Amino acid sequence: MHDLLLIDDDQELTELLIAWLTPEGFQMRACHDSASALAALAGSTPEAVVLDVMLPDGSGLELLKQLRAHHPELPVLMLSARGEPLDRILGLELGADDYLAKPCDPRELTARLRAVLRRVQAPNAPVST
């Protein structure tokens with residue numbers, strides 16, 4: 001099981017993603033704003049974060065900067081309705097490991113999460129599916 005933190009203000013979407021990703025081998029926690037996400041990260045660090053750009057208490061891009069400052073090795077996949085090339089480029093330049101526009105195919109999200117996690121695994125660590 002891979003421990004993921006999903007940060008998105010859309011509670012219905014987070015429930016759908018949890019329902020999809022849990023049987024795919026992901027243990028999910030969800031936060032719906034920056035403050036609760038920072039509190040969750042202070043408690044324990046997940047293996048990866050799925051982060052929305054638009055949050056009710058600030059920008060996901062600002063939160064991404066904080067994540068990079070305090071957890072530089074933590075993989076972050078941006079999942080946002082803001083999918084224009086400029087938005088994707090900005091997210092990647094600010095430190096996201098991947099960027100996927102909403103709406104997305106949950107199978108693509110799963111594949112991208114697995115790819116991001118493979119890149120950060122130790123070279124001799126077994127690959128889990």
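Heavy atoms only: backbone and side chains are in, while hydrogens, waters and symmetry mates are out. On a predicted model such as this, the values are computed, not experimentally measured, just so you know.
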**Student:** Compare every heavy atom of Leu51 with every heavy atom of Gly60, then report the nearest pair and how far apart it is.
**Tutor:** O-CD2, 3.3 Å
**Student:** Any chain of hydrophobic side-chain contacts (each under 4.5 Å) joining Leu67 to Val120?
**Tutor:**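 Looking at the clustering, Val120 is in a separate group from Leu67.
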**Student:** Between Lys102 and Asp8, does at least one N-O distance fall below 4.0 Å, as a salt bridge requires?
**Tutor:** yes
**Student:** For Arg119, does the CZ atom sit with more than 12 other heavy atoms under 6.0 Å from it, leaving out its own atoms?
**Tutor:** yes
**Student:** Working to the nearest 0.5 angstrom, can you tell me the gap between Met28 CE and His2 NE2?
**Tutor:**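 With rounding to 0.5 Å, CE (Met28) is 12.5 Å from NE2 (His2).
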**Student:** Linking I/L/V/M/F/W/Y whenever any side-chain heavy atoms sit under 4.5 Å apart, do Leu79 and Leu61 land together?
**Tutor:**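 No, it is not one cluster - the side chains of Leu79 and Leu61 are not joined through contacts under 4.5 Å.
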**Student:** Do you know which two heavy atoms are closest between Ala37 and Ile7, and how far apart they sit?
**Tutor:**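 Heavy atoms only, the tightest pair is CB-CD1, 3.5 Å.
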**Student:** Would you call Leu113 and Leu4 a side-chain contact if the rule is heavy atoms closer than 4.5 Å?
**Tutor:**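 In short, these two side chains touch, coming nearer than 4.5 Å.
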**Student:** Indicate the atoms forming the closest heavy-atom contact of Ser34 with Leu55, along with that distance.
**Tutor:** OG-CD1, 3.4 Å
**Student:** Does NE2 belonging to His71 count more than 12 external heavy atoms closer than 6.0 Å?
**Tutor:**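 Yes - once you tally the heavy atoms of other residues, nucleotides and ligands closer than 6.0 Å, there are more than 12.
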**Student:** Is the shortest side-chain heavy-atom distance between Phe26 and Glu47 below 4.5 Å?
**Tutor:**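 No - every pair of side-chain heavy atoms lies 4.5 Å or more apart.
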**Student:** Please tell me if the side chains of His32 and Gln11 come closer than 4.5 Å, counting only heavy atoms from C-beta onward.
**Tutor:**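 Yes, at least one pair of side-chain atoms sits under 4.5 Å.
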**Student:** State, yes or no, whether a side-chain contact exists between Met54 and Asp9 at a heavy-atom distance under 4.5 Å.
**Tutor:**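 Answer no - side chains too far apart.
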**Student:** What's the verdict on side chain to side chain contact (heavy atoms under 4.5 Å, CB included) for Leu64 and Val76, showing C-alpha distance, side-chain angles and the deciding distance?
**Tutor:** CA-CA 8 Å; Leu64 176 61; Val76 178; 3.8 Å; yes
**Student:** Please round to the nearest 0.5 Å and tell me the distance separating atom SG of Cys104 and atom CG of Leu13.
**Tutor:** 7.5 Å
**Student:** According to a hydrophobic-cluster definition based on side-chain heavy atoms being under 4.5 Å apart (Ile, Leu, Val, Met, Phe, Trp, Tyr only), do Leu74 and Leu94 belong together?
**Tutor:** yes
**Student:** Do Tyr99 and Asp87 come within less than 4.5 Å of each other through their side chains, counting heavy atoms only?
**Tutor:**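 The answer is yes; the side chains approach within 4.5 Å.
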**Student:** Would a 4.5 Å heavy-atom cut-off, applied to side chains only, mark Leu17 and Leu109 as touching?
**Tutor:** yes
**Student:** May I ask whether Leu117 and Leu100 are part of the same hydrophobic cluster, defined by side-chain heavy atoms of I, L, V, M, F, W, Y residues being less than 4.5 angstrom apart, directly or through others?
**Tutor:**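 Yes, because Leu117 and Leu100 connect within a single hydrophobic cluster, where side-chain heavy atoms sit under 4.5 Å apart.
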**Student:** Would you compute the distance between atom CG of Leu90 and atom CZ of Arg88 and round it to the nearest 0.5 angstrom?
**Tutor:**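 Between atom CG of Leu90 and atom CZ of Arg88 there are 12.0 Å.
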**Student:** Given side chains that start at C-beta, do those of Thr45 and Leu5 come closer than 4.5 Å, heavy atoms only?
**Tutor:**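 Not touching, per the 4.5 Å side-chain cut-off.
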**Student:** Can you tell me how far apart CG (Leu38) and OG (Ser36) are? Round to the nearest 0.5 Å.
**Tutor:**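 Reported to 0.5 Å precision, the distance equals 8.5 Å.
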**Student:** Please determine if Glu108 and Arg112 form a salt bridge, counting it only when a charged side-chain N lies under 4.0 Å from a carboxylate O.
**Tutor:**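 Result for this pair is yes, salt bridge flagged.
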**Student:** Verify the neighbour count for atom CZ of Arg29: are there more than 12 heavy atoms of other residues, nucleotides or ligands below 6.0 Å?
**Tutor:** yes
**Student:** So if you build clusters from Ile, Leu, Val, Met, Phe, Trp, Tyr with side-chain heavy-atom gaps below 4.5 Å, do Val116 and Met78 land together?
**Tutor:** no
**Student:** Go through the steps for Asp97 and Arg68 under the test salt bridge (charged side-chain N to carboxylate O under 4.0 Å, His left out), then give the verdict.
**Tutor:** CA-CA 11 Å; Asp97 296 284; Arg68 283 292 160 243; 2.9 Å; yes
**Student:** Minimum heavy-atom separation for Asp57 to Ala35, with atom names?
**Tutor:** OD2-N, 3.0 Å
